[in-house]
> 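Let me begin by handing over the structure; questions about it come next.
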Amino acid sequence: MKIATYNVNGIKARLPRLLEWLEETKPDVACLQELKSSDETFPEADIRAAGYGAIWHGQKGFNGVAILARGDDPIERLRGLPDDPDDTHSRYLEAEVDGVVIASIYLPNGNPQPGPKFDYKLKWFDRLMDRAALLLEEEKPTVLAGDYNVVPTDDDIWSPRGLQGDALVQPESRAAFRRFSAQGWTDALNARHPNEKLWTFWDYQMNAWPRDAGFRIDHLMLSAEAADRLGDAGVDRDYRGREKASDHAPTWITLRP
DNA sequence: ATGGCTAACGTTGTTAGA
């Protein structure tokens with residue numbers, strides 16, 4: 001079972017690239033982020049024509065997450081994180097596909113920091129951990145996949161100083177990510193490629209892609225039951241270099257039966 | 001000290017991303 005996460009940066013602008021990627025790499029499950037689409041304008045027909053069932057949690061203009069399943073319909077479990085009725089952002093969607101619990105996550109960016117956006121990021125991470133703790137109690141194979149907007153360590157970026165002052169590398173952001181990992185979540189890319197420089201994002205600016213000035217912020221976090229089944233893991237870098245590319249590359253794992 | 005892209009919204013600029 002191949003499970004991927006892809007921050008598409010606008011599903012309408014990215015539709016040709018998304019459909020091409022689905023056709024060429026055939027993930028069984030695809031978690032998408034940054035749809036930048038309302039529920040009504042989600043391109044359901046195109047995705048269904050490509051052979052995927054889908055659920056989505058859209059929002060006009062920005063945010064938005066979806067879960068696609070090849071030849072299957074994801075069974076929705078939860079839409080949005082609990083415990084903050086004032087949170088209007090569409091950043092969390094949870095489903096079950098073929099016995100695996102899967103969430104598509106778009107953690108807040110948090111810039112500029114310090115400030116209210118950074119506070120929101122850290123609070124959102126706390127709420128994610130509350131939900132994640134409940135999921136661990138279920139003892140099912142579970143994959144929390146998405147754009148965490150955290151560069152976990154200095155080994156996960158082309159230059160440790162490359163994002164100095166940015167919310168993605170702040171000690172508080174990294175501490176939250178470590179606490180989350182310590183809850184019992186395995187960072188699949190790091191587990192499979194512990195000594196490799198793997199990036200999932202390259203800025204549109206500053207000639208970042210040609211310079212390979214990227215970093216790793218898209219993560220697939222596995223419960224013990226999923227980690228026991230982890231096969232391969234990788235990044236579909238090639239798609240970052242194509243026409244009209246997202247600034248993120250698709251990132252994936254395989255789970256053994 | 002920053003944002004030179006990109007996308008969306010909506011109208012010739014603003015917000016947001018990371």
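Just so it is clear: chains get the letters A, B, ... in the order the sequence lines come, proteins before strands, and each one is counted from 1. Note that the coordinates shown come from a computational prediction; the quantities given were computed from them, not determined experimentally. Worth knowing before you read on, the calculation uses all heavy atoms, side chains too, and leaves out hydrogens, waters and symmetry mates.
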> From CG of A:Asp166 over to C1' of B:dA1, roughly how many Å is that when rounded to an integer?
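Atom CG in A:Asp166 sits about 15 Å away from atom C1' in B:dA1.
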
> Taking CZ from A:Phe62 and C1' from B:dG17, how many angstroms apart are they, rounded to a whole number?
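A:Phe62 atom CZ is separated from B:dG17 atom C1' by 10 Å.
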
> Could you check whether A:Arg174 makes a cation-pi contact with A:Phe177, meaning its NZ or CZ is under 6.0 Å from the centre of the six-membered ring and within 45° of the ring axis?
no

> Send over the distance from A:Asp218 CG to B:dG17 P, rounded to a whole Å.
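The answer, rounded to whole Å, is 15 Å.
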
> To the nearest Å, how far apart are A:Leu107 CG and B:dG17 P?
12 Å

> Compare the minimum distances between each of B:dC9, B:dA18, B:dA16 and the side chain of A:Phe201, then state the nucleotide with the smallest one.
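Looking only at side-chain atoms, A:Phe201 lies closest to B:dA18.
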
> If I pick the P atom on B:dA1 and the same atom on B:dT12, what distance separates them, to the nearest angstrom?
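So the two P atoms sit 34 Å from each other.
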
> Using a heavy-atom cut-off of 4.0 Å across all strands, would you classify A:Tyr106 as base, sugar-phosphate, or nothing?
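A:Tyr106: backbone/sugar contact only, no base atoms under 4.0 Å.
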
> Under the rule for side chain to side chain donor-acceptor pair (under 3.5 Å), what residues qualify as partners of A:Ser246, not counting sequence neighbours?
none

> When rounded to the nearest Å, what value does the distance between P atoms of B:dT2 and B:dT6 take?
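About 23 Å, rounded to a whole number of Å.
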
> With heavy atoms under 4.0 Å as the rule, sort A:Arg17 into base, sugar-phosphate or nothing.
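No contact.
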
> I need the CD-P distance between A:Glu34 and B:dA16, as an integer number of Å.
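Atom CD in A:Glu34 sits about 13 Å away from atom P in B:dA16.
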
> Provide, to the nearest angstrom, the distance between the CG atom belonging to A:Asn207 and the P atom belonging to B:dA18.
20 Å

> Please identify each residue that fulfils side chain to side chain donor-acceptor pair (under 3.5 Å) with A:Tyr52, with sequence neighbours left out.
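Here no residue qualifies.
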
> Please output the side-chain donor-acceptor pairs of residues 157-165 of chain A that fall under 3.5 Å, not counting sequence neighbours, one pair per line with the distance.
unit_1   : atom_1 : unit_2   : atom_2 : d
A:Ser159 : OG     : A:Arg161 : N      : 3.3
A:Ser159 : OG     : A:Gly162 : N      : 3.4

> Provide the distance between the two P atoms, one in B:dT15 and one in B:dG10, to the nearest whole Å.
13 Å

> For A:Asn63, answer base if it contacts any base atom (sugar-phosphate contacts may also be present), sugar-phosphate if it contacts only those atoms, and nothing otherwise; contact means non-hydrogen atoms under 4.0 Å.
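No contact at all - A:Asn63 keeps every heavy atom at 4.0 Å or more from the nucleic acid.
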
> Would you tell me if any nitrogen or oxygen in the side chain of A:His248 comes within less than 4.0 Å of OP1 or OP2 on B:dG17?
no

> Mind checking side chain to side chain donor-acceptor pair (under 3.5 Å) for A:Ser181 and listing every partner two or more places apart, or none if nothing turns up?
none

> Among all residues two or more places apart in sequence or in another chain, which pass the side chain to side chain donor-acceptor pair (under 3.5 Å) test with A:Arg70?
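Once residues adjacent in sequence are excluded, A:Arg70 has no partner under the side chain to side chain donor-acceptor pair (under 3.5 Å) criterion.
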
> Should the pair A:Asp187-A:Arg216 be classified as a salt bridge under the 4.0 Å nitrogen-to-oxygen rule?
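Yes.
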
> How close do A:Trp209 and A:Arg237 get, heavy atom to heavy atom, and via which atoms?
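Heavy atoms only, the tightest pair is CH2-O, 3.5 Å.
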
> Shorter than 3.5 Å, N or O on both sides, protein versus nucleotides 5-7 of chain B: list them out with atom names.
unit_1 : atom_1 : unit_2   : atom_2 : d
B:dA7  : OP1    : A:Arg14  : NH1    : 3.2
B:dA7  : OP1    : A:Arg14  : NH2    : 3.4
B:dA7  : OP2    : A:Lys244 : NZ     : 3.2

> If you look at every strand shown and take non-hydrogen atoms under 4.0 Å, does A:Ile217 touch a base, only sugar-phosphate, or nothing?
sugar-phosphate

> Go through the structure and list residues passing side chain to side chain contact (heavy atoms under 4.5 Å, CB included) with A:Gln205, not counting sequence neighbours.
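So A:Gln205 forms a side chain to side chain contact (heavy atoms under 4.5 Å, CB included) with A:Asp203.
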
> Under 3.5 Å, which donor-acceptor pairs do the side chains of residues 224-231 of chain A form with other protein atoms, sequence neighbours left out?
unit_1   : atom_1 : unit_2   : atom_2 : d
A:Glu225 : OE1    : A:Ser223 : OG     : 3.3
A:Arg229 : NE     : A:Arg256 : O      : 2.6
A:Arg229 : NH2    : A:Arg256 : O      : 3.1

> Once you round it to whole Å, what is the distance between C1' of B:dA18 and OH of A:Tyr148?
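Nearest whole value for this atom pair: 18 Å.
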
> Heavy-atom contacts under 4.0 Å between residues 110-122 of chain A and DNA chain B, which residues?
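Residues of residues 110-122 of chain A under 4.0 Å from DNA chain B: A:Asn111, A:Lys117.
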
> Grab the NZ-C1' distance between A:Lys60 and B:dG10 for me, whole Å please.
9 Å

> Using a cut-off of 4.0 Å on non-hydrogen atoms, how would the nucleic acid contact of A:Asn7 be classed: base, sugar-phosphate, or nothing?
sugar-phosphate

